[in-house]
Structure formats: C-alpha cells, structure tokens
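To keep things clear, I will list the structure first and then write my remarks on it.
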Amino acid sequence: MARQAGINLENVKIRNKSTVLKLLNRKGAMSRKDIAKEVGLTPATVTVLCTEMIEEGILQEKGEMQEERRAGRRKILVDIAYGCKCVVAVSIESKKTYISACDLKGNLISGKIIKTDTSIAPIEFLKIIEKECKVLLWENEIEQRSVLGMGICIPGIVDRNRGISIRAYGIWKEEVRIKEIMQEAMSCPVIVENNIKAFAEGELLYGAGRTGDNLLFVKWGPGVGSAIVTQNQIYEGKDHRAAEIGHYIIEPNGELCHCGRRGCLETKVSTEAIIKRIRSIYSKEHTPRLYENTGGDIELISESNFTEWAESGNELDMSDEEVVKILHKSIERLARTIVNMMTILAPDSTILFGFMLENEEIRKIFMEYCQQYDSTYTEEYIQKSELSRKIYYIGATAIVTRQYFFEPKDS
Ligand SMILES: [Zn+2]
C-alpha cells in the first residue's frame, strides 16, 4: 500500500513539473509566485518543484524583474534551461536529408545536408545517417548523455508507435523499421513521424498554432502534404492515412502517382510534375525567354534549379506565357483542393509552409485563387507559418521534446 501511494505521489509530481515546464515554454521566464498563480498550486509546492528542477539542471534562475508597484523589491525569474539537453533532428525528404542538432527550444545548434540516396538499400542509407549524426555530435562536442533523443521525419505513411515508415512515397518502396535500427545505432530514444504531422506538433509546441484548437496544415514543396489538428491533437486516421491531400484525386484516369493510384493532386502540382510539364513545352517558339536564359539546354530545367528559384524569392519572369500558365494551373488546383478541404473541416485557421508557399509571389497568386472561391478566406485565416525557416528540424525536435521533456509519461 505504502509503495503504491509513493508511486502515485511521484506521478503527481511528474505531472506538476510537466505543467510548469509547458507554462514556461508558452509564456517565457516567470517568478515562482506567478507560476503558482497560473497553475493553481501553492507557492510552497512550486518552490519545491522549482528547486528540484534547478538541481536537475532543467530550470535556471534568470535575471530579476522590477516589480512595478513596490519599487525596490525585486523578484527572481525562473526559466527552462533550454540548452541542458540536445535533440538530434533528422528530416528525410525525397531529394535531401537534413541532419541537425537542436536545443530544447528548437533552436539550431548545428546542421548539415546530405543527398537522400534512394539507389541503396534503406538500411544502408540509415547507416550513412547514423555516421553523419555521430560526426555532427562529435564536431559540436555534444556528449551522449546530453542527447535527449532523436527525431526522424519522413514523408508518407508512418506508424509512429512502432517507428516504422510504411510507405515513404518517392523514397522507399518497402516498410522500414527506422526506430528499431536507429535506436540501437544511436543508443538513445528514437521517434519516427510523418514530416507534416511532426511540423504541426512543432507549431503546437513552439509556434502560432498554440492559439488555435483546430488547425489545417498544408505543405507545398517538393510534394504536397497536410495534417489536421483537432482539439490541439493531431488527427490520426485509419492506418495513419489521414489528410493525404497530395493523393486527393482530381482527374479521372490521370497520370500514375507514386502511391499507385491515378490522377492525384501530386501528379499535377509537385515540383517534379511542374518541371515535367515545363520541359514538355520547352522550345524556342513556346518558351522563348526560358530558352534564351538557359541557352537552349533543357537539362537546366531541373527540380533543383526550380527549387533554388522558388527559395530565392526572385520575381516570376512573366514573359513566357506558357510557363506562367502551367504555374497558375498548378496553384489554382492546389488552392481549390485546400478551399474544399477547409469547407469540410472549418478550421480555426490554415497554416501554410514549404518552399513553394513561402515564395511571396506564389503565395500571392495562391491567395487570389482562394479568395476567388471564398472572399472570406483572408490572409489571417490562411496564414504562413512563423516556423517556416525551421522546417527541417522543428518537427523532429518537437516530437522528441514533447514526449521526453515536456510531457514525460508517468512512471
Ligand atoms: Zn497519389
């Protein structure tokens, strides 16, 4: 009995600590007194919790704040020691893989980019990732015991509980037991999640998403993906297949998609599809400006050059009507699908990210199409993510910090 009671008290303490950590993450440094007020615990309890967490190195005292009314009296603030642990964040995308070390706030300590090599067996590529991660930690003098865990994000269908990539469209054709392989290789906890769902979790923990209960996330570039948040939780559909916006069928008997179906949105709007279409009309007659700029070399009409242009934020060259038409058609198709999706879900807001939608000009055209369908869809309702710049590591960091730092499971 006594042992039982002890365990329960310990669980209460873990939960209270979690509440304090989440509050500080949301509001920033606070005094012990204000924390007590916010979370509804006695100041004495909060003081004990804070003392323990300071001893554990999780919290730190941070400066002093002048109280407005009683001049002269100062109170000490406490804040999360975000640098006390580090997260290894891996984002496997169809062309590139991003390997980063981040602090608990999702700030980048150091990172590198490698090519996603789909010509070798998945296990061989995971070995390359393992090696690169170890080098990154070593170069930044991060010790094993400072690593909270490793987060791995990948497109497509992921079974997060078992840590398996079930179908990573355009990357691997088979199931890959990523968690099992990497956990042994890295000797730290590993979480695997779909890239868009992980990014949404990053928004819930670190970004603007914190204010809305029901959100729709849409990523464009290179493929298209989405995630649905309801009541502050990521919606999980049957067999992890929810919100597959990229595989929303828009054309009967259309082109064959990576997923095996035909006529999916991705076959029309992925950067690969756009490049394919531009290449098919590339000529001196139809695309004179592009032809001149590329010196007649069709090889320069590549996904990587297109990505570079989109990311640079350079203005769209409007002189090749045919090219502009292709872009507009893709943007309109995406806008229409999202407007339809919003009609079904009626989210508090829709959050856009990915390099295509981060391009000001593309987003402007995209918004025009959305508003053409529904004039109430303002830029406030369909907004750009504030965490766009952290796209390649914020999601992988969030899935790890949430599970192992902010909301650790009761013992
Ligand atoms: Zn598809």
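Each residue takes its place number in the sequence, starting with 1.
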Criterion side-chain hydrogen bond (donor to acceptor under 3.5 Å, both in side chains) on Y206 and E201, from CA distance to verdict: CA-CA 8 Å; Y206 301 118; E201 213 164 305; over 6 Å; no

Applying side-chain hydrogen bond (donor to acceptor under 3.5 Å, both in side chains) to E93 and N195, what does each step give before you reach the verdict? CA-CA 9 Å; E93 295 275 330; N195 58 346; 3.2 Å; yes

Pair K95-K115, side chain to side chain contact (heavy atoms under 4.5 Å, CB included): steps then yes or no: CA-CA 6 Å; K95 303 287 172 211; K115 178 178 168 278; over 6 Å; no

Run the numbers on H240 and E236 for side-chain hydrogen bond (donor to acceptor under 3.5 Å, both in side chains), then give the verdict. CA-CA 6 Å; H240 323 280; E236 263 297 330; 3.2 Å; yes

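Across every non-hydrogen atom of G221 and F355, the tightest pair is C-CE2, 3.5 Å. Contact between I58 and C84 at its shortest, heavy atoms only, is CA-SG, 4.2 Å. Contact record, M30 with L23: SD-CD2, 3.7 Å, taken as the closest heavy-atom pair. Heavy atoms only, all atoms of each residue included: S165 and W172 are closest at OG-CE3, 4.1 Å. Summarising the geometry of S226 relative to A243, their closest heavy-atom pair is OG-O, 2.6 Å, with the distance given to 0.1 Å. Considering every non-hydrogen atom in both I80 and L59, the closest pair reads CA-CD2, 3.8 Å.
Looking at L334 and Y369, their side chains never come closer than 4.5 Å, going by heavy atoms from C-beta outward. Between R262 and T267 there is no side-chain heavy-atom pair separated by less than 4.5 Å. Using a 4.5 Å heavy-atom threshold, the side chains of K179 and E184 count as separate. In this structure, L265 and I249 have side chains that are not in contact, with every pair of non-hydrogen atoms separated by 4.5 Å or more. For the pair P222/E272, no side-chain contact is recorded, criterion being any heavy-atom separation below 4.5 Å from C-beta on. Contact annotation: the side chain of F217 never approaches that of T350 to less than 4.5 Å [non-hydrogen atoms, C-beta and beyond].
Checked against the 6.0 Å centroid threshold, F199 and F353 count as a close aromatic pair.
In terms of the side-chain contact (heavy atoms from CB on, under 4.5 Å) criterion, residue partners of N107 (sequence neighbours excluded) are, by chain and number, D103, K105, K390. The side-chain contact (heavy atoms from CB on, under 4.5 Å) check on E143 picks up R145, S146, with sequence neighbours excluded. Considering only residues two or more places apart in sequence or on other chains, S187 meets the side-chain contact (heavy atoms from CB on, under 4.5 Å) condition with Q144.
Look at R15 and E407 and you find no salt bridge, because none of the NZ, NE, NH1 or NH2 atoms lies under 4.0 Å from a carboxylate O. For the pair E361 and K364, the salt-bridge criterion is not met [side-chain N within less than 4.0 Å of a carboxylate O]. Between E124 and K127 there is a salt bridge, since a side-chain N of the basic residue sits under 4.0 Å from a carboxylate O of the acidic one. Between E38 and K27 there is a salt bridge, since a side-chain N of the basic residue sits under 4.0 Å from a carboxylate O of the acidic one. The pair R167-E174 fails the salt-bridge criterion, with no side-chain N (NZ, NE, NH1 or NH2) lying under 4.0 Å from an Asp/Glu carboxylate O. The pair R389-E358 does not count as a salt bridge, with every side-chain nitrogen at least 4.0 angstrom from each carboxylate oxygen. A salt bridge is absent between K329 and E332; no separation between the charged side-chain nitrogens and carboxylate oxygens falls under 4.0 Å. Under a 4.0 Å N-O distance rule, the pair R279/E299 qualifies as a salt bridge. E130 has a carboxylate O that lies under 4.0 Å from a charged side-chain N of K134, or vice versa, which qualifies the two as a salt bridge.
Under the side chain to side chain contact (heavy atoms under 4.5 Å, CB included) test applied with V158, the options I166, V192, I152, V176 reduce to a single match, V192.
Taking the six-membered ring for Trp and thresholds of 30 and 60 degrees, W309 and F306 have ring planes inclined between 30 and 60 degrees apart. Aromatic ring pairs are classed by plane angle as parallel below 30°, tilted from 30° to 60° and perpendicular above 60°; the pair Y291 and Y282 is tilted.
Using a 3.5 Å distance cut-off with no hydrogens or angles, the side chains of N340 and Y373 do not pair a donor with an acceptor. Of the N and O atoms on the side chains of E203 and S385, at least one donor lies less than 3.5 Å from an acceptor on the other residue. In summary, the side chains of E244 and Y169 do present a donor paired with an acceptor at a separation below 3.5 Å, with no hydrogens or angles considered. T307 and S304 are not linked by any side-chain donor-acceptor pair at a separation below 3.5 angstrom, with hydrogens and angles left out of the test. A donor atom on one side chain and an acceptor atom on the other are found under 3.5 Å apart for T271 and E303. Between the side chains of Q60 and D79, no donor-acceptor pair is found at a separation under 3.5 Å. Side-chain polar atoms of S110 and N140 form a donor-acceptor pair below 3.5 angstrom.
Proximity of a side-chain donor or acceptor of N305 to a complementary backbone N or O of L300 within less than 3.5 Å is detected. Of the possible polar contacts, none joining the D348 side chain to the L215 backbone as a donor-acceptor pair under 3.5 Å is found.
Interatomic distance, OH of Y82 versus SG of C102, reported as 14.0 Å (0.5 Å rounding). A distance of 10.0 Å separates OH in Y404 from CD1 in I399, rounded to the nearest 0.5 Å.
The environment of K22 atom NZ is dense: over 12 non-hydrogen atoms of other residues, nucleotides or ligands sit within 6.0 angstrom. Residue-environment remark: CG (N253) stays at or below the threshold of 12 foreign heavy atoms within 6.0 Å.
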